[in-house]
There are 2 protein chains.
Amino acid sequence: MKSYGQFCSIARALDLLGERWTILIVRELLCGGRTFGDVRRGIPRISKTMLAARLHELCDAGVVERRGAEGYELTEAGRDLMGVVSALGTWGQKWLPRESKPDELDMDALLWDMRRRVDLERLPPRPTVVRIELTDLRRGATRWLLLRPSEVSLCSTNPGFPESLEVRTDRRTLIAWWRGDLSYEEARHRGLRLDGPPALRRAFPRWFQRYLFADVAREH
Amino acid sequence: MKSYGQFCSIARALDLLGERWTILIVRELLCGGRTFGDVRRGIPRISKTMLAARLHELCDAGVVERRGAEGYELTEAGRDLMGVVSALGTWGQKWLPRESKPDELDMDALLWDMRRRVDLERLPPRPTVVRIELTDLRRGATRWLLLRPSEVSLCSTNPGFPESLEVRTDRRTLIAWWRGDLSYEEARHRGLRLDGPPALRRAFPRWFQRYLFADVAREH
DNA sequence: CTGTATCCTCAAGGATACTG
DNA sequence: CAGTATCCTTGAGGATACAG
């Protein structure tokens, strides 16, 4: 993209950050993504070519550093982009309409966010598998979360453990709960269903910290 | 531009704000621009077609409101974008290299920023014309600032009043002073020259508040 | 899995002319 | 001045194949 050609630091920051995908990549790294694959799972619609190109640009600009096999790491300048990313997220949460068409939303990005927003401290000590069924999708609508206090995995096939809990919900309701547009009780009322032992069903909502901006006060 | 298709408010905010030019347009409105022409003078390289299209998008999104002949106005949501814009400018000022090639920088945008960052309170009571000569440009390198406590105008021809003061400088030095990369004394030392009555020459640097982010502490 | 190299398409957006 | 309508070019970026 051509530079704006302005002296202004807003314009100059946008020369770097304003290209498509770039800020989302920074978001993934800020949220703990380390490898090429981590970033891709958070941004499923980016092409490999594009992601590689953008990571190079960020390295050249001194925002990201390549760490060989360990993947990528934000520099201090990169970590300081939290202010920009956070301002964008807060503004969006405050002012954008709650609803967007779930048909156009990428559920894998949502589930990837759920994976990383698990509160490990609150998980049961034994491995727990949650089967998540998106009821308004025909195929490929099932994912599994393997929850262990040491680590969480998101799988598109049953990871081999017995299923401890099943969540059935349409996309709108899951998204609305995750984004903080609905409380857990409201989501249950709107059709989110849990199947499994009562103790796990009660505990389930506590396992998740929800979306980073779920608690931002809305103005819309 | 196609939507990112993510539930995340960062991505959704970028669906709106991430298109080329959009944030710069918001910046101009935040800095007091009201009319179509105001915005264009702050972003000389945008085409009329593009500016009209972007303003429509911002209106549709509820960030800007059309005010008939008075031009455009940010809504409350729009004014709240100050957080995003300010985070970008602060980050850029802190982390981006000071120098960029002046050949690629638009001096009209700089002079337009000077026009609006005049401290009216400190101006002499009588109309004052400052002739600004950019010494490293061949033609079209002269502009005039007509300073009056009621209003400031930027002209590309002599506005008719006698010239009270002349500033001669290359672009790098003017930009560096304006951005806060050099103090006024350093800029003088680097070649910024003033011609005119000593009282006005002494007063000159006080008339300007410089760039909005000039005082941000640098990390680079 | 983590990329790179190439090709090819489509649409963003600049230029121009026209209008109230 | 403040736009709108049309045309046309260019390059962003997706798809595919290939490599370490």
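The sequence lines fix the lettering, A, B, ..., with proteins before strands; numbering per chain opens at 1.
DNA chain C lies under 4.0 Å from at least one heavy atom of each of the following residues of residues 21-47 of chain B: B:W21, B:S47.
Remark: A:D181 engages A:R218 in a salt bridge, criterion side-chain N to carboxylate O under 4.0 Å. Salt-bridge formation is not detected for the pair A:R34/A:E70: no Lys NZ or Arg NE/NH1/NH2 atom is positioned less than 4.0 Å from an Asp or Glu carboxylate oxygen. With respect to B:R206 and B:E121, no salt bridge is recorded, no charged nitrogen being found less than 4.0 Å from a carboxylate O. Using a cutoff of 4.0 Å between basic side-chain nitrogens and carboxylate oxygens, A:R168 and A:E133 are not scored as salt-bridged. Note on B:D80 versus A:K94: salt bridge recorded, some NZ/NE/NH1/NH2 to OD/OE distance being below 4.0 Å.
Donor-acceptor pairing under 3.5 Å is lacking for the side chains of B:R116 and B:Q209.
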Under 3.5 Å, sequence neighbours excluded: what are the donor-acceptor pairs made by side chains of residues 146-153 of chain B?
none

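A straight line from NZ of B:K2 to P of D:dA12 spans 18 Å, rounded to a whole angstrom. The interatomic distance linking A:R54 (CZ) with D:dG14 (P) rounds to 9 Å, in whole Å. Going from atom NZ of A:K48 over to atom P of C:dC7 covers 18 Å, rounded to whole Å. As a whole-Å value, the separation of A:M50 CE from C:dT2 P is 18 Å. Atoms CG (A:D15) and P (D:dA12) sit 13 Å apart, rounded to a whole Å. Residue B:E70 contributes atom CD, which lies 18 Å from atom P of D:dC1 at whole-angstrom precision. Regarding B:E19, its CD atom lies at a distance of 14 Å from the C1' atom of D:dA12, rounded to whole Å. We find that CZ of B:R20 is positioned 10 Å from P of D:dA12, with the value rounded to whole Å.
The phosphate of D:dA2 has neither OP1 nor OP2 within less than 4.0 Å of any side-chain N or O from B:R67. A sub-4.0 Å separation between OP1 or OP2 of C:dT4 and a side-chain N or O of A:H56 is present.
Aromatic ring centres of B:W144 and B:F161: separated by at least 6.0 Å.
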For DNA chain D, the expected dot-bracket line (Watson-Crick or G-U under 3.5 Å, [ ] crossing, | inter-strand) is ||||||||||||||||||||
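Stacking of A:R66 on the aromatic ring of A:Y72 is recorded, both the 6.0 Å distance cut-off and the 45° axial limit being met.
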